[in-house]
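Every heavy atom of this structure was used, including side-chain atoms; hydrogens, water molecules and symmetry mates were not. Every chain is numbered from 1, with letters handed out A, B, ... down the list of sequences.
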Number of protein chains: 2
Amino acid sequence: MSDSLTFRLLRYIKAAAETLNFTRAAEQVFVAQSSLSSQIGKFEDTVELLLFARLQNGLKLTSAGRIVASFAENTLKEWDQTLAMALAVQRNEVPPLRLGFSSFINAKLLERFRENYEGMFPGCAIQLWSGDPLLCLQRLDARALDCAIIPLPVDATLYNVQQIAQSPLVVCMRSDDVLADRAQLDIHEVAERITIFRDPELHPSAHTRLVEMFKEVGIPIHLACAARTPSEIQWMVKERYGLALIDQLTPLDPGLITRPIAGVNWTADTAFVHASHMDHVALPFIERFFQQTWSASRRSKRPSKTRHPEQLELLG
Amino acid sequence: MSDSLTFRLLRYIKAAAETLNFTRAAEQVFVAQSSLSSQIGKFEDTVELLLFARLQNGLKLTSAGRIVASFAENTLKEWDQTLAMALAVQRNEVPPLRLGFSSFINAKLLERFRENYEGMFPGCAIQLWSGDPLLCLQRLDARALDCAIIPLPVDATLYNVQQIAQSPLVVCMRSDDVLADRAQLDIHEVAERITIFRDPELHPSAHTRLVEMFKEVGIPIHLACAARTPSEIQWMVKERYGLALIDQLTPLDPGLITRPIAGVNWTADTAFVHASHMDHVALPFIERFFQQTWSASRRSKRPSKTRHPEQLELLG
DNA sequence: TGGAGCCATAGACAAAAACTGTGGCGAAAT
DNA sequence: ATTTCGCCACAGTTTTTGTCTATGGCTCCA
């Protein structure tokens, strides 16, 4: 049963597991040694679980104790976060979530995120900060943003990165292009016509990766036009400056079409990113939310190979 | 502070949040209405948090209350799982984890899994059941297995599926092959020589996907040799029956080499799978473990594009 | 207007947890 | 060998907390 368990007791267990010394653990939680001792003892009796082996040379965590202690630590941490968030929500003191995003991510992702955030924390504002990925990361560093949704790759040693979407890259062309009647294209036949790219300085590491991807298929990248927004890219395509690689899910201007590329499996990956300081009260929740929904969406939709990002759902 | 919070109280809150009626909630947890009422009231006072709005037409969860209630539900569930596991561990009654695996997955994955499992639950046995993916799934259905590590794709509507590894597919050839001096191959120049495949009936859906992948690059698949194990595949290659696609991380027999394929990004994906009944006490923990390590491994190693599966680590 | 349903409060009682003090036991020191 | 110290367990007492019954107020509905 879940009774006979107190959060106070969890703190006792945590302290005892850390110090392996009831006396010092008792000091740490500001009670008499006998209290802590007897509480843990009584708990062990009632659930018939030996957490600590009392040996001649001191205490030792049993295997069961390790399991329970890690539960204790976890739960206490989560409760702190929960209480902080609940208080902030109640007092209407949740700071606006300053969310950076690149214009190259799928707008539906943002929409979904907004809905879910609103559902979880009604009345809590989101401040949207458009900006290219590099700028987003710099702002995260400067604590001018709490988190961001941007295309991968992102250096995961410097930020907390969580992939939240993936969709194929396709070739964007005019609907009167000579290749328009082809259902799909070979990368070799279109590669040299792909000349429109995101401005490399908007996301240097993504561009580097793109260069690598082209190198892997044995084609040097030919950057002739650098665009700073998806609509600029489409405009350039329409104006016959060349072809472009875009996320399959990008809404298309009239007069443009996309064609998949046979023989490659290039994808546009999107991630939720935040700095490790975890400034915003809601971040732990958002993080858990994405962890769960991300695996949940895989779970509910894997049979068909292409994963669509609009699969995020609110989880209880 | 975390005091003033009891697991008993969590059950009260959960019941009240579910019924939105203190009287019925009290019945549900077998206490007098006044107890539940005053406990929740006192808690609200001490943490200065209003969980329930007492309106004329009944109770309503506040936003803060929703947050706390979902924490309560979660935590109670996790505690049940934790207690069950700790008890089982202590009594040495953890049933052996019957783990199915395909011989086509990377052995290091199993090794790591074993280490981590042993680390978390010392002395708890793992029973390995080699078997092709289809057999594993059938055994999951029949409850003859608790879980399995097998190649994707797996129908995620029928099983809990969690991807745990991904690595590129490469072409396996003799080291004296005419293509051996090439650093990488174009899929079109080798496709017709790739004639050695896993026996389709070992994993029908994977084979179907392979057929699709070939179709996408405009090449009909040419299955001439069906192997049931990776070593059979390598033996066939050595005996000049053709080339084969294998996981980049497969250990190679002497005399064989592998070459990456330019122009495609085919991967071998591996997943942890279990049926939804969740029979084994350890499954919730393993699931959380993979959730965390999977995102953790992404986190610690994203810069280079190829993800290696040997990144699983034990998390506190 | 009376009854039913719901929640809050008060007072009595029971249970649980805290504290102080003490004793035992092994390890290190004399 | 004996003392001392650190650590844990146990006993007795006090304080705190939780639960129960009983009751009162409020709203809704017949």
In B/S/- notation (B base, S sugar-phosphate only, - none; protein heavy atoms under 4.0 Å), nucleotides 22-30 of chain D written 5' to 3' is B-----S--

Between NZ of A:Lys42 and C1' of D:dA11 the distance, given in whole Å, is 16 Å

Task: Verdict with reasoning, A:Trp79 to B:Val68, per side chain to side chain contact (heavy atoms under 4.5 Å, CB included) - done: CA-CA 9 Å; A:Trp79 170 242; B:Val68 173; 4.3 Å; yes

Check for me whether B:Arg288 meets the cation-pi criterion with B:Phe285, that is, NZ or CZ under 6.0 Å from the six-membered ring centre and within 45 degrees of the ring axis.
yes

Are any of B:Thr23's side-chain N or O atoms less than 4.0 Å away from OP1 or OP2 of C:dC7? yes

- prompt: Counting only side-chain N and O atoms of B:Ser37, is one of them less than 4.0 Å from OP1 or OP2 of C:dC7?
  reply: no

B:Phe52 atom CZ is separated from C:dA8 atom P, nearest whole Å, by 10 Å

Here the distance between atom P of C:dC25 and atom CG of A:Leu55, to the nearest Å, is 17 Å

Identify each donor-acceptor pair in which a side-chain atom of residues 38-48 of chain B lies under 3.5 Å from a protein atom, sequence neighbours left out, and give them as a table.
unit_1  : atom_1 : unit_2  : atom_2 : d
B:Ser38 : OG     : B:Ser34 : O      : 3.1
B:Ser38 : OG     : B:Ser35 : O      : 3.2
B:Glu44 : OE1    : B:Arg54 : NH1    : 2.8
B:Glu44 : OE1    : B:Arg54 : NH2    : 2.9
B:Glu44 : OE2    : B:Leu51 : N      : 2.7
B:Glu44 : OE2    : B:Phe52 : N      : 3.1
B:Glu44 : OE2    : B:Arg54 : NH1    : 3.1
B:Thr46 : OG1    : B:Lys42 : O      : 3.3
B:Thr46 : OG1    : B:Phe43 : O      : 3.1

Would you tabulate the pairs of protein nitrogen or oxygen atoms and nucleotide nitrogen or oxygen atoms of nucleotides 4-6 of chain D closer than 3.5 angstrom?
none

Rounded to whole Å, the CZ-P distance (B:Phe22 to C:dC6) equals 13 Å

Any side-chain N or O of A:Arg8 less than 4.0 Å from the OP1 or OP2 oxygen of C:dA16?
no

Output, in order, the C-alpha distance, side-chain angles, deciding distance and verdict of ring-ring contact (aromatic ring centres under 6.0 Å, His included) for B:Phe272 and B:Tyr159.
CA-CA 10 Å; B:Phe272 178 78; B:Tyr159 305 94; over 10 Å; no

Problem - Within-4.5 Å side-chain heavy-atom neighbours: A:Pro284 and A:Glu78 - result: no

Tabulate below the donor-acceptor pairs under 3.5 Å that side-chain atoms of residues 86-98 of chain B make, not counting sequence neighbours, or state none.
unit_1  : atom_1 : unit_2   : atom_2 : d
B:Arg98 : NE     : B:Asp146 : OD2    : 3.2
B:Arg98 : NH1    : B:Arg143 : O      : 3.1
B:Arg98 : NH2    : B:Arg143 : O      : 3.1
B:Arg98 : NH2    : B:Asp146 : OD1    : 2.9

Under-4.0 Å side-chain N/O to phosphate OP1/OP2 contact, A:Tyr12 with C:dA18: yes

Taken to the nearest whole Å, CD/B:Gln39 to P/D:dC20 is 10 Å

Heavy-atom nearest nucleotide on DNA chain D taken for A:Arg54 and for B:Ser35; more 5' hit belongs to A:Arg54

ask   = Does A:Thr62 use its side chain to pair, donor to acceptor, with the backbone of A:Gly65 at less than 3.5 Å?
value = yes

Sequence neighbours excluded, the answer for side-chain contact (heavy atoms from CB on, under 4.5 Å) partners of A:Thr23 is A:Asn21, A:Glu27, A:Gln33

Between CD1 of A:Ile40 and P of C:dA16 the distance, given in whole Å, is 18 Å

By salt bridge (charged side-chain N to carboxylate O under 4.0 Å, His left out), A:Glu18 pairs with (sequence neighbours left out) A:Lys14

Rounded to whole Å, CZ of A:Phe7 lies from P of C:dA17 at a distance of 15 Å

Whole-Å distance, B:Glu27 CD to C:dC6 C1', equals 12 Å

